[in-house]
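Input: a single structure, listed below in structure tokens.
We count residues from 1, following the sequence as given.
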Amino acid sequence: MRKALVAGNWKMHGRINQNINLIGDLVEQLSPIKESVSILVCPPLVYINQVGGLLSGTGINVGAQDVSRFEKDGAHTGDCSAEMLADMGVSYALVGHSERRSEYQETDAVVALKLKNLLQVGIKPILCVGESLEQRDAGLVEKVIADQILAAFSGLSVKELSNVVLAYEPIWAIGTGKTASPEQAQAVHAFIRQMLASGYGSEFSEQVTILYGGSVKAANADQLFSQPDIDGGLIGGAALVSEEFTAICRAAATSPKNG
Ligand code: 13P
């Protein structure tokens with residue numbers, strides 16, 4: 001059985017004082033359930049140290065929203081390397097979020113470099129994949145998802161990939177209030193597990209954590225997380241409201257299939 005994971009992606013939100021309040025509330029509210037679900041908070045890079053400090057000793061992890069494509073220190077203004085994130089105690093980092101792909105023209109090749117850099121320093125990458133509404137309407141969901149995953153995994157062995165987490169985030173469901181129905185999400189998650197089984201073996205595909213993201217909230221989390229192949233969530237807007245995020249974590253923790 002796979003242990004549920006809920007990750008909060010704060011995107012470009014937060015201030016020193018707000019962070020103190022939000023993390024304080026979360027630590028208190030999450031304390032009864034934090035043993036039964038892995039919980040991750042991904043603040044903007046500039047607040048990683050602050051949030052990491054506030055979470056220290058609580059069992060809740062701090063993660064990054066992105067990482068440099070460059071592996072080595074050097075003249076890369078504005079970038080932060082995987083090694084630097086590891087140095088700051090970061091345990092997970094998102095790669096390939098659709099907002100990075102669309103706002104920074106990040107290609108699959110760039111996503112693959114970032115994923116590799118994270119794995120090399122022992123940070124668990126959360127590889128985000130997802131289709132646009134046009135691609136869904138054109139019947140391309142499986143092709144788009146498979147292409148994104150295979151490109152990001154290219155050249156890496158099953159052993160090297162053992163720390164990877166996947167997040168299916170249909171672009172049309174992000175920040176729109178339009179959640180994929182539990183059945184729609186489950187169908188894609190099942191497809192992902194199936195394609196991973198054929199490419200990397202069933203042992204790998206059965207152990208890999210696959211999150212759903214896109215307008216997850218307290219009101220729909222139970223239904224989504226009760227689907228057999230949905231192992232938790234990647235949460236945007238609702239991660240900024242402690243009661244919402246806690247309720248989502250509780251839904252994952254109490255899901256009957258949570259290992
Ligand atoms: P929302 O939960 O705000 O739709 O965002 C999802 C997301 O993009 C998380 O990475």
Side-chain angles (χ1 to χ4, degrees), residues 2 5 7 9 42 63-71 82 85 92-174 180 183-214 227-234:
R2 298 174 293 268
L5 167 66
N9 174 10
C42 303
Q65 299 176 16
D66 190 33
V67 64
S68 176
R69 78 187 71 178
F70 300 105
E71 187 190 344
L85 293 178
Y92 290 83
L94 308 182
V95 279
H97 193 283
S98 60
E99 287 150 17
R100 301 292 317 174
R101 293 180 194 257
S102 68
E103 293 173 1
Y104 297 91
Q105 291 76 48
E106 268 188 27
T107 60
D108 283 335
V110 167
V111 174
L113 289 173
K114 293 184 170 192
L115 185 118
K116 191 160 126 281
N117 291 346
L118 291 170
L119 288 173
Q120 269 171 1
V121 300
I123 295 178
K124 296 183 172 126
I126 302 181
L127 171 65
C128 305
V129 297
E131 82 287 357
S132 66
L133 196 54
E134 295 69 37
Q135 290 166 327
R136 174 163 281 264
D137 288 345
L140 293 172
V141 177
E142 295 189 353
K143 182 182 169 4
V144 169
I145 303 296
D147 286 353
Q148 288 176 343
I149 294 175
L150 293 175
F153 284 7
S154 134
L156 295 168
S157 67
V158 179
K159 190 159 174 275
E160 288 169 312
L161 289 169
S162 63
N163 276 334
V164 169
V165 173
L166 284 153
Y168 169 56
E169 295 207 309
I171 296 168
W172 48 271
I174 296 178
E183 295 73 26
Q184 277 175 322
Q186 165 58 25
V188 178
H189 283 233
F191 166 75
I192 293 173
R193 225 177 277 287
Q194 219 173 63
M195 64 152 286
L196 292 178
S198 62
Y200 297 91
S202 57
E203 199 180 321
F204 175 71
S205 77
E206 283 306 314
Q207 65 82 28
V208 71
T209 297
I210 312 179
L211 309 179
Y212 169 77
Q227 299 297 314
D229 290 297
I230 301 183
D231 305 321
L234 179 54

*Between Phe204 and Gln207, does a side chain to side chain contact (heavy atoms under 4.5 Å, CB included) hold up when you go through it step by step?*
CA-CA 5 Å; Phe204 175 71; Gln207 65 82 28; 3.4 Å; yes

_Criterion side chain to side chain contact (heavy atoms under 4.5 Å, CB included) on Leu119 and Leu115, from CA distance to verdict_ = CA-CA 6 Å; Leu119 288 173; Leu115 185 118; 4.0 Å; yes

*Mind running side chain to side chain contact (heavy atoms under 4.5 Å, CB included) on Glu169 and Leu234 for me, showing each step along the way?*
CA-CA 8 Å; Glu169 295 207 309; Leu234 179 54; 3.4 Å; yes

*Determine, step by step, whether Val165 and Leu127 satisfy the side chain to side chain contact (heavy atoms under 4.5 Å, CB included) criterion, reporting the C-alpha distance in whole Å, the side-chain angles of both residues, the deciding distance to 0.1 Å, and the verdict.*
CA-CA 6 Å; Val165 173; Leu127 171 65; over 6 Å; no

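Inter-residue side-chain proximity for Ile126 and Val95 is flagged as unmet; no heavy-atom pair is nearer than 4.5 Å. With contacts defined as side-chain heavy-atom distances shorter than 4.5 Å, the pair Ile192/Tyr168 qualifies. Tyr104 is not listed as a side-chain neighbour of Glu99, based on a closest heavy-atom distance of 4.5 Å or more. The shortest distance between side-chain heavy atoms of Leu113 and Phe70 does not fall below 4.5 Å. In this structure the side chain of Ser162 never reaches within 4.5 angstrom of the side chain of Lys159, judged on heavy atoms.
With Arg2 contributing its side chain and Glu206 its backbone, the two residues share a donor-acceptor pair below 3.5 Å. Without hydrogens or angle criteria, Tyr200 side chain to Ser202 main chain gives no donor-acceptor distance under 3.5 Å. Checked by atom type and distance alone, the side chain of Ser102 pairs as donor or acceptor with a backbone atom of Ser98 at under 3.5 Å. A side-chain donor-acceptor contact under 3.5 Å links Arg193 to the backbone of Val208. Listed for the Arg100 side chain is no donor-acceptor partner under 3.5 Å among the backbone atoms of Glu106. Between the Asp231 side chain and the Ile210 main chain, a donor and an acceptor come within less than 3.5 Å of each other. One N or O on the side chain of Gln186 and one on the backbone of Asp229 form a donor-acceptor pair closer than 3.5 Å. Between the side chain of Tyr212 and the main chain of Ala180, a donor-acceptor pair closer than 3.5 Å is present. Within the 3.5 Å criterion, the main-chain N or O of Gly130 finds a donor-acceptor partner in the side chain of Gln148. The main-chain N or O of Val67 is found under 3.5 Å from a side-chain atom of Lys114 such that the two form a donor-acceptor pair.
The distance from the CG atom of Leu150 to the CG atom of Asp108 is 10.0 Å, given to the nearest 0.5 Å. From Glu134, atom CD reaches atom OG of Ser132 across 4.5 Å, with rounding to the nearest 0.5 Å. With rounding to the nearest 0.5 angstrom, the CG atom of Leu161 is 11.0 Å from the CD1 atom of Ile149. Here Ile145 contributes atom CD1 and Leu166 contributes atom CG; the two are 9.5 Å apart, rounded to the nearest 0.5 Å. Annotation: the span from Glu71 atom CD to Lys116 atom NZ amounts to 6.0 Å, rounded to 0.5 Å. Expressed to the nearest 0.5 Å, how far CD of Glu142 lies from CZ of Arg136 amounts to 9.5 Å.
Counted by atom type alone, Gln65 and His97 present zero donor-acceptor pairs between their side chains at under 3.5 Å.
When all heavy atoms of Gly96 and Val111 are compared, the closest pair comes out as CA-CG2, 3.8 Å. In terms of heavy-atom proximity, Asn117 sits nearest to Ser68 at ND2-O, 3.3 Å.
Around the CZ atom of Arg69, the shell of radius 6.0 Å holds no more than 12 heavy atoms that belong to other residues, nucleotides or ligands. No more than 12 heavy atoms of other residues, nucleotides or ligands lie within 6.0 Å of CD in Glu203, so this atom counts as exposed by the packing criterion.
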